[in-house]
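Ligands are counted one by one from 1 in listed order, and the atoms in each one are counted from 1 as well. Below, each value reflects all heavy atoms present in this structure, side chains not excepted, and no hydrogens, waters or symmetry copies. Counting from 1, the numbers follow the sequence of the chain as shown.
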Amino acid sequence: MRLIVNGASYDVVAPAHETLLVTLRERLHLTGTKLVCGRGECGACTVLLDGTSAYSCLTLTVACDGVSITTIEGVGRGDGGLHPIQAAFVEHDATQCGFCTPGQILAAIDLLGRIPDPTEADVRRGMSGNLCRCGTYPKIVRAVLAAAAPALPND
Ligand code: FES
Ligand code: FES
């Protein structure tokens with residue numbers, strides 16, 4: 001099958017039961033997508049599939065033939081600069097260990113693509129599928145709200 005990851009095309013042969021998370025990390029060596037629970041509970045493995053956030057640990061690779069996949073490695077400006085949401089996370093000190101951060105960033109990109117001017121309640125609801133064991137939630141919410149203005153490019 002052909003996977004399109006961060007704009008690059010890859011011919012991949014994977015067994016029918018293989019998850020996209022395994023394919024990204026172990027075949028394509030894109031290790032920014034994290035494995036934590038492996039069963040759809042934490043959001044650390046979040047990627048964008050045709051612009052919509054999804055848990056890659058619950059997504060079969062065979063279902064992604066021809067889908068445009070975005071991982072954290074594909075987020076950011078072409079000149080190597082940070083995406084506005086990444087910059088807001090830095091500005092508002094919204095990471096501690098950083099393990100959940102790639103998934104948080106991708107979930108936020110999806111959220112602000114759908115709701116460009118969210119309320120705090122929108123952000124809390126929209127980010128509720130991404131857990132942070134360090135408990136950085138107040139700063140994550142602040143960063144996402146700050147990134148919402150002005151409107152974002154959806155990477
Ligand atoms: S690793 Fe996929 S939701 Fe936790
Ligand atoms: S910053 Fe450590 S899990 Fe979120």
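Within the listing of ligand 1, atoms 3 (S) sit less than 4.0 angstrom from a heavy atom of Gly40. Short contacts between ligand 1 and Val36, defined as distances under 4.0 Å to a heavy atom of the residue, involve ligand atoms 1 (S). Proximity to Cys57 (heavy-atom distance under 4.0 Å) selects the following atoms of ligand 1: 1 (S), 2 (Fe), 3 (S). Near Gly98, the atoms of ligand 2 lying under 4.0 angstrom from a non-hydrogen atom of the residue are 1 (S), 2 (Fe). Under a 4.0 Å criterion applied to the non-hydrogen atoms of Thr136, ligand 2 contributes the atoms 1 (S). Close approach of ligand 2 to Arg133 (heavy-atom distance below 4.0 Å) involves ligand atoms 3 (S). Near Cys42, meaning under 4.0 Å from any of its heavy atoms, are these atoms of ligand 1: 1 (S), 3 (S), 4 (Fe). Under a 4.0 Å criterion applied to the non-hydrogen atoms of Glu41, ligand 1 contributes the atoms 3 (S).
Of the possible polar contacts, one joining the Arg25 side chain to the Thr33 backbone as a donor-acceptor pair under 3.5 Å is found. For Asp50 (side chain) and Ser68 (main-chain N/O), a donor-acceptor pair under 3.5 Å exists by modelled atom type. Side chain of Thr23 to backbone of Thr19: a donor-acceptor contact under 3.5 angstrom is found.
Put simply, Cys97 stays out of reach of atom 4 (Fe) of ligand 2, with no N, O or S atom under 2.8 Å from it. Residue side and main chain included, Cys134 places no N/O/S atom under 2.8 Å of atom 4 (Fe) of ligand 2. Note on Cys45: not counted as a metal contact of atom 4 (Fe) of ligand 1, no N/O/S atom lying under 2.8 Å. Put simply, Cys37 gets within reach of atom 4 (Fe) of ligand 1, with an N, O or S atom under 2.8 Å from it.
Leu35 and Tyr55 fall into different hydrophobic clusters, where Ile, Leu, Val, Met, Phe, Trp and Tyr side chains are chained together by heavy-atom contacts under 4.5 Å. A continuous path of Ile, Leu, Val, Met, Phe, Trp and Tyr side chains, each step under 4.5 Å between heavy atoms, connects Val75 with Leu48, placing both in one hydrophobic cluster.
Nearest protein heavy-atom contact of atom 1 (S) of ligand 1 is Gly38 N, 3.2 Å. The closest protein non-hydrogen atom to atom 3 (S) of ligand 1 is Gly43 N, 3.2 Å.
For Val47 against Leu24, the heavy-atom pair with the smallest separation is CG1-CD1, 3.9 Å.
A 4.5 Å side-chain heavy-atom check between Arg27 and Tyr10 finds every atom pair outside the cut-off. Ile72 has its side chain within reach of Gln86: a pair of non-hydrogen atoms, C-beta onward, lies under 4.5 Å apart. Residues Val141 and Met127 fail the side-chain proximity criterion, which asks for heavy atoms closer than 4.5 Å.
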